[in-house]
S.K.: 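Attaching a single structure in structure tokens format; questions to follow.
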Amino acid sequence: MICVKFGGTSLADASQFRKVREIIESDPRRKFVVVSAPGKRFGGDIKITDMLEEVWKRALNGGRADKAMKPVTQRYAAIAGELGLEFDAEEEAEKIVSALSACPDRDYCMSRGEYLSGKLMSLYLGRPFVDPARHVFFDREGVLDSPKTLKSLNKALSGLDGAVIPGFYGATPTGGIKTFSRGGSDITGALVAAAVGAELYENWTDVNGLLAADPRVVDRPETVRNLSYRELRILSYMGASVMHADAARPVREAGIPIRILNTNYPQDEGTLIVPVSRLSAGRQAVTGVAGRKGLSVLQVEKQFVSDGAGFMATLLELFKARRLPFEQCLNGIDTISIVIRSDLLKPCKKEILGDIRRVLSPDILNVTDGLSMITVVGENVPESENMTVKLLAAVGAQGITISTINQGAGRLNLILGVHDDDYEKAIKTIYQTIRA
Ligand code: ASP
């Protein structure tokens with residue numbers, strides 16, 4: 001049995017709904033269907049979830065939420081109308097607007113895109129609607145309660161021959177609605193796949209799979225046909241946008257492969273994501289390259305600290321105390337560099353620098369902004385390829401200064417720090433080198 005998840009562009013209008021039904025009905029194993037909210041129909045169009053954010057803002061500021069809701073209602077009414085479904089979009093919209101006037105809750109409002117999409121798809125496929133508000137649970141800290149969720153979904157779904165489940169949201173301990181971060185329907189899809197013990201999790205999008213590099217930077221990068229969960233995790237964490245970075249976890253733990261597929265081109269084999277042990281033998285050595293801009297490096301130096309334990313632990317405790325997550329921690333002799341997102345550092349930069357000065361009295365403490373991190377990933381890189389050396393030489397030959405290098409032991413996961421201005425050039429160079 002297969003669990004399928006369709007993203008926003010796959011559900012953008014009635015003709016996309018038709019494609020989705022055809023895909024689902026072409027394989028009887030495709031029983032459980034997770035849906036996003038309708039996305040963009042064309043460049044410049046607005047996603048339903050973004051429209052709903054606007055509705056919520058109006059409601060919060062005492063404006064005309066009903067007016068902002070109109071284009072949302074029209075989108076659903078048009079889909080229902082063209083598909084000949086008995087669906088009262090006006091009535092649904094009124095319920096949402098009136099709930100918002102009693103309590104303008106952002107997550108509730110944002111979740112209604114998936115809710116209504118699920119309602120429509122359930123009618124269209126003739127499969128029961130299962131509301132994740134009753135089966136996907138977050139704890140008091142707002143963190144997904146995976147064991148409780150999997151148990152509840154399993155109980156609700158295992159007796160059914162199929163169902164439609166909206167993605168993106170669940171319930172708080174007090175019965176409110178909470179959404180995942182943007183793009184989170186991918187996580188719901190993975191949870192459903194794990195809960196029902198699917199043989200495969202199909203994630204249907206508008207591309208033929210994961211690309212080996214960002215197509216906005218590299219001209220027509222190739223599609224990666226086969227990669228490990230770990231490679232996917234690293235690439236999506238670093239910015240490859242094919243799937244939510246947290247979505248692999250539930251299926252990975254259950255050993256369920258993921259296939260990324262294109263709703264507009266279903267005959268393409270897409271990208272298959274599997275455990276390392278099941279990677280195909282003839283695969284490319286280096287899987288891909290991804291990166292992120294907008295980072296800062298905080299450098300702390302103090303003589304002789306490498307002789308005693310505790311300096312690094314104390315430093316990291318200071319970040320923890322301020323709930324400041326960082327990307328990397330690099331250490332040399334008597335020096336530690338913390339790489340952190342600039343937008344997270346900025347609001348509390350003075351405070352954290354003050355903490356470090358007070359507690360650790362460093363000899364040098366400075367912050368450099370405008371840095372990018374580029375990650376090159378490959379489970380299959382044999383020692384003999386000397387890939388790290390080749391990459392450093394190629395990047396260096398372009399006159400690009402490498403400000404940080406991070407490579408753990410084991411297979412290739414090389415992270416290079418370069419100046420934001422050199423980001424595109426470095427990515428292009430790396431891509432050419434790994435595909436040479
Ligand atoms: N509709 C939500 C978003 O636009 C969630 C999703 O599509 O996965 O982020």
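Below, all heavy atoms of this structure are taken into account, side chains as well, without hydrogens, waters or symmetry copies. Order of appearance sets the numbers: ligands from 1, and atoms from 1 within every ligand.
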S.K.: Looking at R225 and D268, does any basic side-chain N land under 4.0 Å from a carboxylate oxygen?
M.R.: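 So R225 pairs with D268 through a salt bridge.
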S.K.: Just distances here: any N/O of G183 and N/O of ligand 1 closer than 3.5 Å?
M.R.: yes
S.K.: Quick one, K95 with E92, criterion salt bridge (Lys or Arg N to Asp or Glu O under 4.0 Å). Give me CA distance, side-chain angles, the key distance, then yes/no.
M.R.: CA-CA 5 Å; K95 273 191 234 161; E92 294 287 352; 3.7 Å; yes
S.K.: Going by an N to O cut-off under 4.0 Å, is there a salt bridge joining D206 and K40?
M.R.: no
S.K.: Once you restrict to heavy atoms under 4.0 Å, what part of H244 touches ligand 1? Side chain, backbone, both or neither.
M.R.: neither
S.K.: What residue and heavy atom of the protein are closest to atom 7 (O) of ligand 1, and at what distance?
M.R.: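 Scanning the protein heavy atoms, the shortest distance from atom 7 (O) of ligand 1 goes to S36 OG, 3.1 Å.
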S.K.: Atoms of ligand 1 less than 4.0 Å from E114 heavy atoms?
M.R.: 1 (N), 2 (C), 5 (C), 6 (C), 7 (O)
S.K.: Applying the salt bridge (charged side-chain N to carboxylate O under 4.0 Å, His left out) criterion to E202, which one of R29, R30, K5, K31 satisfies it?
M.R.: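 It is R30; the other options fail the test.
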S.K.: Report, in ascending order of atom number, the atoms of ligand 1 lying under 4.0 Å from any heavy atom of S185.
M.R.: 5 (C), 6 (C), 7 (O), 8 (O)
S.K.: G184: heavy atom below 4.0 Å from ligand 1, yes or no?
M.R.: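 For ligand 1, residue contact (heavy atoms, under 4.0 Å) with G184 is present.
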S.K.: Identify whether NZ of Lys or CZ of Arg in R18 sits under 6.0 Å from the centre of the six-membered ring of Y124 and within 45° of that ring's axis.
M.R.: no
S.K.: Test of understanding: given a 4.0 Å heavy-atom threshold, classify the contact between M110 and ligand 1 as side chain, backbone, both, or neither.
M.R.: neither
S.K.: Would R106 and E53 pass as an ion pair if we require N to O under 4.0 Å?
M.R.: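 Result for this pair is yes, salt bridge flagged.
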S.K.: Would R182 count as being in polar contact with ligand 1, using the rule that some N or O on each side must be under 3.5 angstrom apart?
M.R.: yes
S.K.: Number the atoms of ligand 1 from 1 as they appear, then name those within less than 4.0 Å of a heavy atom of F168, with their elements.
M.R.: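 That gives atoms 2 (C), 5 (C) of ligand 1.
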S.K.: Is it the case that N208 and T223 place a side-chain donor and acceptor less than 3.5 Å from each other?
M.R.: no
